[in-house]
A.B. asks: 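Have a look at the structure that comes next, please.
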Amino acid sequence: MMKNNAMAFSADDHRFMSRAIQLAKRGLYTTDPNPRVGCVVVNKGTIVGEGWHQKAGEAHAEVNALAAAGQRAEAATVYVSLEPCCHQGKTPPCTDALIAAKVERVVAAMQDPNPNVAGNGLQQLTNAGIIAEVGLLEIQAHELNPGFIQRMKTSRPYVRNKLAMSVDGRTAMADGTSKWITSEAARLDVQGLRAQSSAIVTGAGTILADDPAMTVRLENTERQPERIIIDTNLSTPVAAKILKQSGQTHILTCSDDEYAIDQLTRAGAKVITLPKVKNRVDLHAMMDYLNELEVNEVLLETGATLSGAMLEEKLIDEIIVYMAPVVMGDQARGLFRLPHLNSMSDRIELNLKSTRILGNDVRLTYTPDYIVK
C-alpha cells in the first residue's frame with residue numbers, strides 16, 4: 001500500500017532519511033540536469049548499502065545503494081530522497097531494480113515532479129507488493145532540488161540573483177568600478193553558487209565593464225555551467241574573456257546584425273535571436289530558451305539594469321546579497337534599476353530566509369514577496 005502520513009514514521013525512519021538527504025548533497029555540483037538524490041538500504045536496523053546519483057547518464061542513487069547492499073537488500077527498507085523513477089531514460093527504471101532486489105519497503109521523501117514519474121513509481125512498487133510510503137522530510141528534500149522541481153512543474157528554471165553591496169546599498173562606484181567590494185571568503189562562497197548552477201546569466205553591460213570569465217574556479221571542478229549573455233545590440237567584444245573559456249557561451253540578442261553575429265560565432269559563441277520587448281531581449285523568451293537547455297538553476301550575476309528588469313518581470317526566485325562593511329557614497333550605483341517604482345505602494349517586499357557571516361561580510365538570502373509557496 002502507498003501511504004503519505006508523516007506522523008507514522010519512526011525515529012529510525014527520520015534518521016535514515018536524514019542520511020539519504022546528506023548523501024544526495026554529494027551530488028550538488030555534478031548531477032545537472034538530473035536531480036540530486038541519495039539512498040540508504042537498511043536491513044534489521046542496520047545500514048547495509050548507501051548510494052547517491054553522481055552524474056547524469058550514470059547509475060541512480062537506488063542502483064548504487066542496492067549494488068553496495070548486494071543480497072542484504074532482500075526484505076530491506078530503502079530510504080530515498082526522491083521517488084524512484086519508473087521510466088526508461090539514459091538508465092533503466094529504478095523501480096525495476098528495487099523489485100528485482102526483493103526489498104520489503106520503500107520510503108521516499110517526496111514525489112517526483114517529473115510527469116513521467118509523478119506517483120507512478122511508488123504505485124508500481126505497490127503493485128509489486130512492496131510497501132511504498134512518501135512524505136518523510138519532504139521540505140529538506142525539496143531544498144535539494146529547487147530548480148529541477150520548478151522546471152518540472154512550471155517549465156522554467158529557478159533563478160538566484162547574486163549581488164555584492166556596501167552597507168549603504170551600492171554595487172559599484174560612480175565610474176563603474178566594483179572590484180572588489182566583498183572579502184575573499186564571500187567570493188569563495190560565490191564560487192560554490194556557480195558550481196551548483198546550471199547556467200550563469202549576465203548582461204552585455206557587465207561584460208563591457210568588467211570582462212569577467214564567469215567560470216567556476218574551485219579545485220576538482222568537473223562541470224562548468226552554461227554561460228548566457230543577454231546582449232540586445234550585440235555589443236559583446238569578440239576578445240571577451242567569457243568567450244575564451246571551455247564550454248559553451250550563449251549570446252541572446254534581438255539584433256539582426258549579420259556581421260556581428262558571424263564574428264561572435266567565429267569567436268566561439270552560440271548566438272540566438274529572440275523577440276524584442278521593451279527595447280530589450282524578451283526575458284520570458286530567454287527563460288523558455290533556458291528550459292529548452294534543461295537548465296535547472298540559474299545564477300544571475302549582473303548589474304542593476306538587468307537585475308531590475310528581471311525583478312520587475314517577477315523572474316527572480318531568490319536574492320543573495322553579500323554586504324561588505326564599507327560605505328561607497330550616494331553617487332555610487334544601486335542594486336536594482338527600477339524606474340517605475342514611484343511610491344511606497346509600488347515597492348517590492350522581500351522575505352528574509354537566512355543570514356550567514358563570511359569573514360567580515362554578511363550573506364543575506366531573500367525571496368521576493370511575489371513568490372507563492
Side-chain angles (χ1 to χ4, degrees), residues 17-41 49-68 78-85 87 89-94 97 108-110 112-114 116-117 137 140-152 157-160 162 187-201 213-228 245-250 290-301 317-318 320:
M17 185 61 79
S18 293
R19 177 58 180 165
I21 289 173
Q22 186 179 30
L23 289 167
K25 293 178 181 178
R26 296 187 182 183
L28 186 65
Y29 300 157
T30 61
T31 65
D32 203 79
N34 289 354
R36 301 141 186 152
V37 184
C39 182
V40 174
V41 181
E50 294 184 337
W52 66 95
H53 183 42
Q54 299 178 28
K55 188 176 181 181
E58 297 183 359
H60 288 190
E62 299 94 319
V63 172
N64 288 328
L66 290 171
V78 175
Y79 298 87
V80 60
S81 60
L82 186 69
E83 175 185 9
C85 67
H87 65 292
K90 293 181 179 178
T91 59
C94 290
M110 64 175 289
D112 191 334
N114 185 339
N116 291 320
V117 186
L137 301 186
Q140 293 89 330
H142 193 289
E143 290 173 349
L144 287 169
N145 296 296
F148 175 79
I149 293 167
Q150 179 155 293
R151 185 168 66 83
M152 289 296 107
Y158 186 91
V159 177
R160 293 184 180 93
K162 185 277 294 183
R187 297 197 296 275
L188 181 61
D189 192 69
V190 171
Q191 288 295 311
L193 289 179
R194 286 184 180 180
Q196 75 179 74
S197 299
S198 314
I200 299 171
V201 173
M214 291 295 182
T215 54
V216 179
R217 294 184 288 278
L218 298 176
E219 291 185 8
N220 302 317
T221 299
E222 296 182 7
R223 182 188 63 85
Q224 288 290 339
E226 303 281 338
R227 296 180 297 275
I228 314 292
Q245 311 307 315
S246 61
Q248 185 67 69
T249 297
H250 308 250
L290 295 179
N291 179 53
E292 291 174 10
L293 293 178
E294 295 186 303
V295 166
N296 290 332
E297 298 176 26
V298 169
L299 185 61
L300 180 63
E301 292 196 59
D317 299 288
E318 185 175 295
I320 298 177

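When a residue number appears, it is its place in the shown sequence, counting from 1. Only a predicted model underlies this, so the values are computations on that prediction, with no experimental measurement involved.
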A.B. asks: Nearest heavy-atom pair of S81 and V37: which atoms, and what distance?
C.D. replies: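 Distance-wise, the nearest heavy atoms are OG-CA, 3.4 Å.
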A.B. asks: Testing N34, T31, N64 one by one against H53 for a side-chain hydrogen bond (donor to acceptor under 3.5 Å, both in side chains), which residue passes?
C.D. replies: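 The passing option is N34.
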A.B. asks: How many angstroms lie between CE in M214 and CD in E226, if you round to the nearest 0.5 Å?
C.D. replies: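 Reported value, rounded in 0.5 Å steps: 15.0 Å.
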A.B. asks: Which heavy atom in S18 sits nearest to a heavy atom in L137, and how many Å separate them?
C.D. replies: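 Heavy-atom minimum between the residues: OG-CD1, 3.4 Å.
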A.B. asks: Search all heavy atoms of C94 against all heavy atoms of V63 and return the closest pair with its distance.
C.D. replies: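 Result for this residue pair: SG-CG2, 4.3 Å.
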A.B. asks: So, taking the atom named OG1 in T30 and the one named CZ in R36, what distance separates them when rounded to the nearest 0.5 Å?
C.D. replies: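 If I round to the nearest 0.5 Å, the distance is 8.5 Å.
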A.B. asks: Identify which one of E50, M17, R19 satisfies the side-chain contact (heavy atoms from CB on, under 4.5 Å) criterion when paired with Y79.
C.D. replies: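 Of all the options given, the one that passes is M17.
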A.B. asks: For the atom pair SG (C39) and NE2 (H60), what is the distance rounded to the nearest 0.5 Å?
C.D. replies: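 The distance works out to 12.0 Å.
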A.B. asks: At their closest point, which heavy atom of V298 faces which heavy atom of S197, and how far apart are they?
C.D. replies: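 What the structure gives for the nearest pair is C-OG, 4.4 Å.
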A.B. asks: Do you know the tightest heavy-atom contact between R151 and N291?
C.D. replies: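 Looking at all heavy atoms of both residues, the shortest contact is CG-OD1, 3.2 Å.
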A.B. asks: Quick one: do the S198 and D32 side chains pair a donor with an acceptor below 3.5 Å?
C.D. replies: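 Result is yes, a qualifying pair exists.
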A.B. asks: Under 3.5 Å, is there a donor-acceptor pair between the side chain of Q224 and the main chain of V216?
C.D. replies: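 Checking the backbone N and O of V216 against the side chain of Q224, a donor-acceptor pair under 3.5 Å is found.
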A.B. asks: CZ/R223 to NZ/K55 distance, rounded to the nearest 0.5 angstrom?
C.D. replies: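 Reported value, rounded in 0.5 Å steps: 10.5 Å.
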A.B. asks: Do M110 and L82 have side chains that get closer than 4.5 Å, going by heavy atoms?
C.D. replies: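 Side chain of M110 against side chain of L82, heavy atoms only: contact under 4.5 Å found.
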A.B. asks: Apply side-chain contact (heavy atoms from CB on, under 4.5 Å) to residues L293 and H250 and explain how you reach the verdict.
C.D. replies: CA-CA 11 Å; L293 293 178; H250 308 250; 3.8 Å; yes
A.B. asks: Quick check: do D112 and F148 have side-chain heavy atoms less than 4.5 Å from each other?
C.D. replies: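 Yes, side chains in contact.
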A.B. asks: What is the distance from atom CZ of R194 to atom CZ of R227, rounded to the nearest 0.5 Å?
C.D. replies: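 Between R194 CZ and R227 CZ, I get 10.5 Å after rounding to 0.5 Å.
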A.B. asks: Under the criterion side-chain hydrogen bond (donor to acceptor under 3.5 Å, both in side chains), which of N145, N296, D317 is the partner of Q150?
C.D. replies: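 Going through N145, N296, D317 one by one, the side-chain hydrogen bond (donor to acceptor under 3.5 Å, both in side chains) with Q150 is satisfied by D317 alone.
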A.B. asks: Are T221 and Q191 close enough that some pair of their side-chain heavy atoms sits under 4.5 Å apart?
C.D. replies: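 No. Closest side-chain heavy atoms not under 4.5 Å.
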A.B. asks: Is there a side-chain contact between I149 and M152 (heavy atoms, below 4.5 Å)?
C.D. replies: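 Side-chain contact under 4.5 Å: no.
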A.B. asks: First locate atom CZ of R160, then atom CG of L299, and finally report the distance between them rounded to the nearest 0.5 Å.
C.D. replies: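 These two atoms lie 8.0 Å from each other.
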A.B. asks: Please report the shortest heavy-atom distance between A68 and G49, naming the atom on each side.
C.D. replies: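 Scanning both residues completely, I find the closest heavy atoms to be CB-CA, 3.9 Å.
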